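In this text the structure is predicted, and so the values were computed from the model without any measurement. Start at 1 and go down the list; that is how both ligands and their atoms are numbered.
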Amino acid sequence: MQFSKKDLSDEKLTELYKAIILPRMIEEKMLVLLRQGKISKWFSGIGQEAIAVGATMALQPDEWIMPLHRNLGVFTSRKMPLNKLFKQWQGNKDGYSKGRERSFHFGNKEHHICGMISHLGPQLAIADGVALAYKLSKEQKVSLTFTGDGGTSEGDFHEALNTAAVWDLPVIFIIENNGYGLSTPTNEQYRCKSLVEKAAGYGMEGVQIDGNNILTVYDTIKGVRDYCIKNQKPYLIECMTFRMRGHEEASGIKYVPKNLFEEWEQKDPIKNYEEWLQQEKILSAIDIASIRTETKNYIEEELKIGFDSEKIVPDTEEEIDDVYAQRVGNGEWLAGSSGLSTEKKFINAISDALEQSLSKYNKLVLMGQDIAEYGGAFKVTEGFVEKFGKERIRNTPLCESAIVGAALGLSLEGYKSVMEMQFADFVTVGFNQIINNLAKIHYRWGQNADVVIRMPTGGGVGAGPFHSQSNEAWFVHTPGLKVVYPSSPEDAKGLLIAAINDPNPVMFFEHKALYRSISGQVPDEYYEIEIGKAKHIRQGEDISIITYGAGVHWAMEYAGRNSNVSIDILDLRTLLPLDYDAIRNAVARTGKVLVLHEDTLTGGIGGEIAAWIAEHCYTLLDAPIMRCASLDSPIPFSIELEKNFMAYSRLGETIDKLLAY
Ligand SMILES: Cc1ncc(C[n+]2csc(CCOP(=O)(O)OP(=O)(O)O)c2C)c(N)n1
């Protein structure tokens, strides 16, 4: 192995030595503890330390890194207290995730590390978002993210690299090519000669380097960092290395030919560097022995603290409380006071909320397909580019997953973002980021995801199975998200402003059929409507209809046409969290409840509401709880079939059934 000192001082070379032996010596200790049953699972990075350590040392300490499961060297080189890391690995309350996450699945804002989720791929686009924040704030910084050779096959790799290239983002993408993805060798993973060839396909520069040579890694990444900042461009680095142990300690290595271990043992990053330091007389054998003793003592001392901690006593209230970030100025919602209002269509109320929020927050970015000059598929953002510029009103490539990930990255740097899903249906290709990254991050390690995803949803427009679905129930089942679904222009504006103010990820459903068919008085000023508060919109005595979105208009229309029935209507407005007090009051008012929604019946939120009423309001009921929902089929294209599909077509008969009790 050839080492080149370049202009590095002996102190720097020694610092790098100390940094690279720390993760190795910790791991050697961990393997002993694993055998003793003191920790449960371990993914080894032995033999690959030069990459994590070299990369981290080449960056500034306040530049974000997105590491993976073999990158202990990132955590140690950022000087995280070892005792706290030990607590983390044991699932201790005083670790970085209060015992909620395993091994390296956590992050920490103070150390600018955004840990992975189990799914390989999604962390790449988070780096795009961080780099976008740096770019918008004109900071001289890069973000750096890791992937394995296996991870490069994920669609997220493609989306993240493409977005970084198109948006000219200063991101360093590092591939740790260690020969295997679990048991899959590289010849079953990709067909190009080397992974760095992929850089050209994205229109970015790339280089393949020896990932076992700490000086090569350090020097390359320092240079690449300068390049990315100066040119405002991403860069791909393929680091060649080898996984010297099993995928994880329990999974064995039978499938790896023995000679490969022998070959790579000769290229061990620590042994080689140590020998070179001695040859060059930078460190003597005595120096090395003393550094090793010092490191060993440090690990032992920290272990004593780390292993001397109490077992977790679950606190249910804390578990639930930590799912969401607290709203700033919690409890005080900004009510309008001027009394001035204008008649507006639903769609214009949405535009109003966005426009006023963009004026209020310099650090608010809008992202979506065709939202800039074109104004979006529904023209919600028409004219915004002229007012707020293309930096903040961002057209995105066709890559929902990367954009949701980038939104999370923006949030790490204190930005807010609103992403427009062109149609709510397309959320399926950004699903993983929403469900697993955005929704869970606050509970996992206390980081919030200040993101609103606008979801033009629903049918009645003859657009067929992939442009008309109601998919709100998918998200209601995911703790960590908020799900908002307004039915009137006034609510749409106030709720969207509140959603943008909320530090949590909010799925904001906008019914497409209401965009231009519904108008109402909308306050001119900037105001909020409380998230989680339903609205009692019609007083009645015979039955209570609990509904939201288009259902509110169906119920109102039916009540208007049938003056012989006294119908009480509750508009839920927010589906997660539900307003249980308002639901109870609605039940109490009539004793007969119908839950109405456009979403299909089975697994729809109506089932949840009905179950809650049965459990908590049984004595208030005079009839079974009824549900009226759309057919349990995909939503069809033909207008006749769509009408038949819709809950509305069975509303009258369901009400009659209920009244008959
Ligand atoms: C989306 C997804 N699919 C499958 C897995 C299971 N899995 C965990 S690690 C791994 C191999 C990863 O290989 P590579 O990206 O080369 O990284 P390495 O483990 O070699 O460092 C697999 C298949 C996963 N975590 N995420």
Side-chain angles (χ1 to χ4, degrees), residues 23-24 27 30 40-55 65-75 101-106 115-127 144-161 173-192 194-196 198 208 211-212 217 236-257 260-261 264 269 399-402 404-405 428-437 440 444:
R24 171 69 60 92
E27 274 216 45
M30 285 298 124
S40 63
K41 213 173 173 87
W42 192 257
F43 291 89
S44 175
I46 285 183
Q48 303 181 209
E49 296 95 337
I51 303 167
V53 172
I65 300 184
M66 324 293 153
L68 284 179
H69 47 292
R70 302 192 198 286
N71 298 140
L72 171 60
V74 170
F75 297 83
E101 262 294 12
R102 56 192 252 187
S103 54
F104 295 107
H105 295 193
F106 68 95
M116 65 186 294
I117 59 170
S118 285
H119 300 61
L120 298 166
Q123 84 282 5
L124 293 156
I126 304 176
L144 183 149
T145 179
F146 290 87
T147 176
D149 42 281
T152 62
S153 301
E154 291 285 346
D156 276 317
F157 175 83
H158 164 71
E159 290 196 11
L161 268 74
F173 293 100
I174 294 193
I175 302 170
E176 270 183 277
N177 192 339
N178 65 3
Y180 285 84
L182 214 158
S183 75
T184 307
T186 51
N187 66 351
E188 292 182 37
Q189 197 68 252
Y190 55 86
R191 268 292 164 274
C192 44
S194 62
L195 287 167
V196 73
K198 297 196 177 211
Q208 187 188 65
N212 279 21
V217 174
L236 181 66
I237 305 174
E238 182 182 12
C239 297
M240 303 310 288
T241 184
F242 195 69
R243 200 189 67 203
M244 294 300 287
R245 303 190 67 86
H247 168 63
E248 51 99 18
E249 283 308 310
S251 65
I253 45 167
K254 264 200 219 139
Y255 49 85
V256 183
L260 283 179
F261 287 115
W264 282 91
C399 51
E400 287 74 6
S401 184
V404 180
T428 44
V429 276
F431 203 60
N432 187 30
Q433 290 282 21
I434 297 172
I435 300 294
N436 288 319
N437 252 333
K440 296 177 177 44
R444 292 168 60 234

Residues two or more places apart in sequence or in another chain: which of them pass side-chain hydrogen bond (donor to acceptor under 3.5 Å, both in side chains) with Gln123?
none

Taking only residues two or more places apart in sequence or in another chain, which ones pass ring-ring contact (aromatic ring centres under 6.0 Å, His included) with Tyr190?
none

Exercise: do Asp149 and Gln189 side chains pair donor with acceptor under 3.5 Å:
no

Quick one: does Phe146's side chain get under 4.5 Å of Ile65's, heavy atoms only?
yes

Give a yes-or-no answer on whether the side chains of Glu27 and Ser44 include a donor-acceptor pair shorter than 3.5 Å.
yes

Close N/O pairs between ligand 1 and protein, under 3.5 Å:
unit_1, atom_1, unit_2, atom_2, d
ligand 1, 15 (O), Gly150, N, 3.2
ligand 1, 15 (O), Gly151, N, 2.9
ligand 1, 16 (O), Asp149, N, 3.2
ligand 1, 16 (O), Asp149, OD1, 3.3
ligand 1, 16 (O), Asp149, OD2, 3.3
ligand 1, 16 (O), Gly150, N, 2.8
ligand 1, 16 (O), Tyr180, O, 3.3
ligand 1, 19 (O), His69, NE2, 2.8
ligand 1, 19 (O), Arg70, NE, 3.3
ligand 1, 19 (O), Arg70, NH2, 2.8
ligand 1, 20 (O), Asn178, OD1, 3.1
ligand 1, 20 (O), Asn178, ND2, 3.0
ligand 1, 20 (O), Tyr180, O, 2.8
ligand 1, 21 (O), Arg70, NE, 2.8
ligand 1, 21 (O), Asn178, ND2, 3.4
ligand 1, 25 (N), Ser118, O, 2.8
ligand 1, 26 (N), Leu120, N, 3.2

Partner residues of Glu188 under the salt bridge (Lys or Arg N to Asp or Glu O under 4.0 Å) criterion, sequence neighbours left out
none

